Q: 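Following this message is one structure expressed as structure tokens.
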2 protein chains.
Amino acid sequence: MSRAATVRDIAREAGVSTATVSRALNGDPRVHGTTASAVRAAADRLGYSVNRAARSLKTRSTRMVGVIAPDLATDFFMILADRLERELAAEGYDMLIASSRESAAEEERLLGLFPEHLVDGIVAIPATGESDHFRRAIARGTPLVLTDRAPGNPGADAVLVDNEGGAREAVRALAGLGYRRIGFVGGDLRLTTARERFEGYRTALAGLGIPPEPEFERFGPMHIDAGYGMMDELLALPNAPEAWFVVNADTHVGATNRLYKEPPERRERAALAAFDEMPWSPLLRFCRFAVEQPVGEMGRTAAGFILDRIEGRVGGRPRTARLPTRLIPH
Amino acid sequence: MSRAATVRDIAREAGVSTATVSRALNGDPRVHGTTASAVRAAADRLGYSVNRAARSLKTRSTRMVGVIAPDLATDFFMILADRLERELAAEGYDMLIASSRESAAEEERLLGLFPEHLVDGIVAIPATGESDHFRRAIARGTPLVLTDRAPGNPGADAVLVDNEGGAREAVRALAGLGYRRIGFVGGDLRLTTARERFEGYRTALAGLGIPPEPEFERFGPMHIDAGYGMMDELLALPNAPEAWFVVNADTHVGATNRLYKEPPERRERAALAAFDEMPWSPLLRFCRFAVEQPVGEMGRTAAGFILDRIEGRVGGRPRTARLPTRLIPH
DNA sequence: GCGGGTTTTGTAATCGATTACATTTTCCTC
DNA sequence: GAGGAAAATGTAATCGATTACAAAACCCGC
């Protein structure tokens with residue numbers, strides 16, 4: 001392929017200056033209608049497409065928002081990204097996603113890579129409990145919104161859900177079915193989501209007058225295998241729980257998988273309540289309740305926050321939204 | 001925030017020229033070790049980070065690969081993206097994802113947006129049966145690799161799976177359980193995946209001496225709701241199938257959901273075989289077989305193809321990889 | 001301490017689009 | 001048709017990093 005056409009080429013082709021070309025193509029009302037059409041025609045003829053590197057070098061804006069997610073294959077993150085994308089598209093912004101692969105170091109690298117004139121702002125789903133790199137990014141002036149998790153207090157806008165309340169409700173609902181021995185299949189307590197859901201679990205038990213039983217509380221990475229493993233340990237206890245609160249969708253799958261291996265009489269009585277309502281949640285045998293997160297609302301709020309930052313509509317004080325969950329019986 | 005530091009600032013700070021700064025920061029062996037350290041120190045002191053717009057304007061390369069997926073919330077696409085990302089990261093490339101929202105028009109827009117000096121090449125999962133815009137992108141010189149689906153024959157490299165064989169095997173396996181009345185819960189035949197899987201279904205029946213029954217064959221968008229609807233229609237037939245081949249993970253969820261609503265005696269005998277092995281597939285009640293796609297291998301192959309194109313290691317003739325699936329009994 | 005090679009560093013052009021400022025053209029009104 | 005405001009266009013600087021080419025510094029043996 002030959003060299004791509006530039007404004008210069010169009011200027012020559014249309015017999016005008018590069019200034020006029022640039023203005024015509026960007027819809028500047030100052031160029032005469034006739035000239036504008038001629039320029040557009042020339043651009044079409046040459047198959048012109050703008051060089052964004054050059055443009056953003058000059059304008060310092062890209063109209064793109066970057067999203068950093070810990071993992072591309074985790075449903076919840078991508079559903080959130082999907083909702084966010086719709087909102088941003090409606091405002092004329094494009095969205096780019098990159099994965100931090102659950103690593104704070106990689107996250108920091110992306111936090112540096114993205115602003116280097118690739119995106120105007122960043123929406124991140126923090127990968128770990130680390131927060132210093134977020135603080136540094138903000139100090140550098142990067143418009144930043146955290147979603148789902150908010151480690152430390154890096155002074156960024158944040159869009160969160162009421163994890164504590166959601167978990168509390170779910171555990172209460174299990175108790176409402178008559179269960180007293182309720183296990184906790186949890187996540188790494190350094191993650192705010194995992195910690196808050198654990199607090200909800202504890203609070204619910206306290207409210208029900210059930211003393212906490214440390215043996216019933218398991219923690220691990222919020223993945224399928226860990227869910228399986230934690231359920232395995234809980235089932236091995238001499239006086240095992242019969243109902244479980246499960247911290248998210250992945251652990252839910254793992255825990256369910258493990259339960260399937262139990263003898264029928266034990267399975268019969270098993271009941272789960274899990275965070276995250278997924279399309280397949282109602283199909284999982286033991287799932288009695290799911291805590292639905294307001295993903296659409298989260299996307300909408302995050303889009304609003306980041307656009308406000310980018311377009312400078314809002315001052316230094318960080319905003320936090322804490323959205324309610326909804327308990328869904330299955 | 002004040003203006004970000006530039007090579008100029010570093011040059012002043014370190015008492016050298018911008019050329020030396022650039023060379024030092026890019027590890028050019030021609031700069032003296034002592035000078036290089038001094039430059040790096042100055043850069044650190046000023047909190048320098050390169051302006052990629054400026055760099056790629058000059059170098060015409062970004063070491064980034066763009067991925068266009070029809071939908072961010074579809075597991076299979078994101079798992080594929082995840083595997084691809086790992087491969088690219090290993091080669092020092094970053095990956096950016098954007099969603100075409102199942103629209104050829106949006107796909108075309110991204111196909112134009114991405115190369116404008118944002119990425120060096122594109123890996124796309126085509127959204128529709130359209131292929132002209134892919135052809136045009138290639139004509140423009142954009143390094144492009146198609147995955148999963150390959151509409152038309154746009155002359156791009158493609159990484160595909162043996163959809164026909166996978167579906168054939170799955171239907172045979174259902175027949176092996178004794179079923180003769182096997183329904184097809186399918187997808188839009190304009191998509192190569194849907195079409196090839198349908199061919200596999202037909203071929204399997206033919207091989208088994210079972211005459212095709214058009215009433216048993218349903219087509220629609222490959223989504224949960226459509227899966228539910230198609231299953232609904234199939235169950236309403238006077239002499240309904242008792243086993244079903246389901247075209248992908250989403251329709252699988254929908255179809256299963258619908259089956260749950262059937263009276264126990266009918267559910268008892270129901271059996272499904274579905275394309276896509278997901279973590280939760282073994283947990284779905286009626287799923288007897290899943291066709292696993294070699295996602296890791298697809299990512300690896302796609303990464304190899306696109307990097308070969310970007311780095312000009314391969315000529316004009318497009319390459320196609322057709323990878324085998326694996327039947328998994330549940 | 002001088003010629004010739006090797007390192008190391010510097011100067012200035014360049015990538016392509018945007019835009020401040022300057023200039024020309026158009027269009028009224030009197 | 002002169003004068004002046006408004007509209008349209010042009011000139012050239014600019015964004016920040018890279019790099020071709022030029023120049024300087026250093027090292028060596030004799």
Side-chain angles (χ1 to χ4, degrees), chain A residues 1-40 42-43 46-64 112-113 115-118 120 140-141, chain B residues 1-40 42-43 46-64 112-113 115-118 120 140-141:
Chain A
M1 153 192 82
S2 57
R3 211 178 93 286
T6 71
V7 281
R8 231 193 177 74
D9 301 320
I10 301 176
R12 196 175 316 117
E13 172 90 6
V16 297
S17 73
T18 61
T20 299
V21 171
S22 174
R23 288 194 275 250
L25 295 179
N26 290 309
D28 189 314
R30 283 175 305 176
V31 308
H32 191 92
T34 320
T35 321
S37 318
V39 168
R40 274 194 298 272
L46 298 176
Y48 173 79
S49 87
V50 69
N51 181 324
R52 296 203 164 230
R55 168 183 288 173
S56 81
L57 173 58
K58 187 70 179 147
T59 64
R60 306 168 156 279
S61 152
T62 58
R63 284 193 87 77
M64 295 199 290
L113 170 66
E116 291 162 352
H117 275 255
L118 283 172
D120 294 340
R140 265 181 265 133
Chain B
M1 156 192 80
S2 58
R3 211 178 94 286
T6 72
V7 282
R8 233 192 176 73
D9 301 321
I10 301 176
R12 196 174 317 115
E13 172 91 5
V16 297
S17 73
T18 61
T20 299
V21 170
S22 174
R23 287 195 276 252
L25 295 179
N26 290 308
D28 189 314
R30 283 177 304 177
V31 307
H32 193 93
T34 320
T35 321
S37 318
V39 169
R40 274 194 298 272
L46 298 176
Y48 172 79
S49 87
V50 69
N51 181 324
R52 295 202 165 231
R55 169 184 287 173
S56 80
L57 174 57
K58 186 68 179 149
T59 64
R60 307 168 155 278
S61 153
T62 58
R63 284 193 87 77
M64 295 198 290
L113 171 66
E116 290 163 352
H117 276 255
L118 283 171
D120 294 341
R140 265 181 265 132

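These numbers come from a predicted model, not from an experiment. Numbered from 1 within each chain, the chains take letters A, B, ... in sequence-line order. Excluded from the calculations below are hydrogen atoms, water molecules and symmetry mates; all remaining heavy atoms, backbone and side chain alike, are included.
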Q: Just verifying a value: how many Å separate A:S56 OG and A:D120 CG, rounded to the nearest 0.5 Å?
A: 8.5 Å
Q: Atom CD1 of B:I10 and atom OG1 of B:T18: how far apart are they, to the nearest 0.5 Å?
A: 10.5 Å
Q: Can you tell me the distance, in whole Å, between the CG atom of A:L57 and the C1' atom of C:dT18?
A: 10 Å
Q: What is the separation between atom NZ on A:K58 and atom C1' on C:dG16, rounded to the nearest whole Å?
A: 12 Å
Q: To the nearest Å, give me how far apart CG (B:D28) and P (C:dT7) are.
A: 13 Å
Q: Which pair of heavy atoms, one from B:D9 and one from B:T6, lies closest together, and at what distance?
A: OD2-N, 2.8 Å
Q: Can you tell me if the side-chain N/O atoms of B:T6 get under 4.0 Å from OP1 or OP2 in D:dG16?
A: no
Q: Below 4.5 Å, heavy atoms only, C-beta onward: do A:V39 and A:R23 meet side chain to side chain?
A: no
Q: Report the C-alpha distance between A:R52 and B:L113 in whole Å, list the side-chain angles of each, state the deciding distance to 0.1 Å, and finish with yes or no for side-chain contact (heavy atoms from CB on, under 4.5 Å).
A: CA-CA 8 Å; A:R52 296 203 164 230; B:L113 171 66; 3.1 Å; yes
Q: To the nearest 0.5 angstrom, please state how far the CZ atom of B:R40 sits from the CG atom of B:L25.
A: 8.0 Å
Q: For the pair A:D28 (side chain) and A:A24 (backbone), establish whether a donor and an acceptor sit closer than 3.5 Å, ignoring hydrogens and angles.
A: no
Q: Between C:dG16, D:dG16, C:dT18, which one does the side chain of A:R55 approach most closely?
A: C:dT18
Q: Angle between the end axes of the helix from C:dG1-D:dC30 to C:dC30-D:dG1, five pairs per end, to the nearest 10 degrees?
A: 40°
Q: Measure the distance from CD1 on A:I10 to P on C:dT18 and round it to the nearest whole Å.
A: 10 Å
Q: Can you find a side chain N or O atom of B:Y48 that sits less than 4.0 Å from OP1 or OP2 on D:dA17?
A: yes
Q: Would you say B:N26 places a side-chain N or O within less than 4.0 Å of OP1 or OP2 belonging to D:dT18?
A: yes
Q: If only side-chain N and O atoms of A:R8 are considered, is one of them under 4.0 Å from the OP1 or OP2 phosphate oxygen of C:dG16?
A: no
Q: For the pair B:N51 and A:L57, evaluate side-chain contact (heavy atoms from CB on, under 4.5 Å) and give the outcome as yes or no after the intermediate values.
A: CA-CA 8 Å; B:N51 181 324; A:L57 173 58; 4.1 Å; yes
Q: According to a strict under-4.0 Å criterion, is A:R52 in side-chain N/O contact with OP1 or OP2 of C:dG16?
A: no
Q: Whole angstroms only, please: what is the CG-C1' distance between B:L118 and C:dG16?
A: 14 Å
Q: A:G112 and A:P115: which non-hydrogen atoms are nearest, and at how many Å?
A: O-CD, 3.1 Å
Q: Show each protein N/O and nucleotides 7-10 of chain D N/O combination with a separation under 3.5 Å, one pair to a line.
A:
| unit_1 | atom_1 | unit_2 | atom_2 | d |
| --- | --- | --- | --- | --- |
| D:dA8 | OP1 | A:H32 | ND1 | 3.3 |
| D:dT9 | OP1 | A:T35 | OG1 | 2.4 |
| D:dT9 | OP2 | A:H32 | N | 2.9 |
| D:dT9 | OP2 | A:T35 | OG1 | 3.2 |
| D:dG10 | OP2 | A:S17 | N | 2.7 |
| D:dG10 | OP2 | A:S17 | OG | 3.2 |
| D:dG10 | OP2 | A:T20 | OG1 | 2.9 |
| D:dG10 | N7 | A:R23 | NH2 | 2.8 |
| D:dG10 | O6 | A:R23 | NH1 | 3.3 |
| D:dG10 | O6 | A:R23 | NH2 | 3.3 |

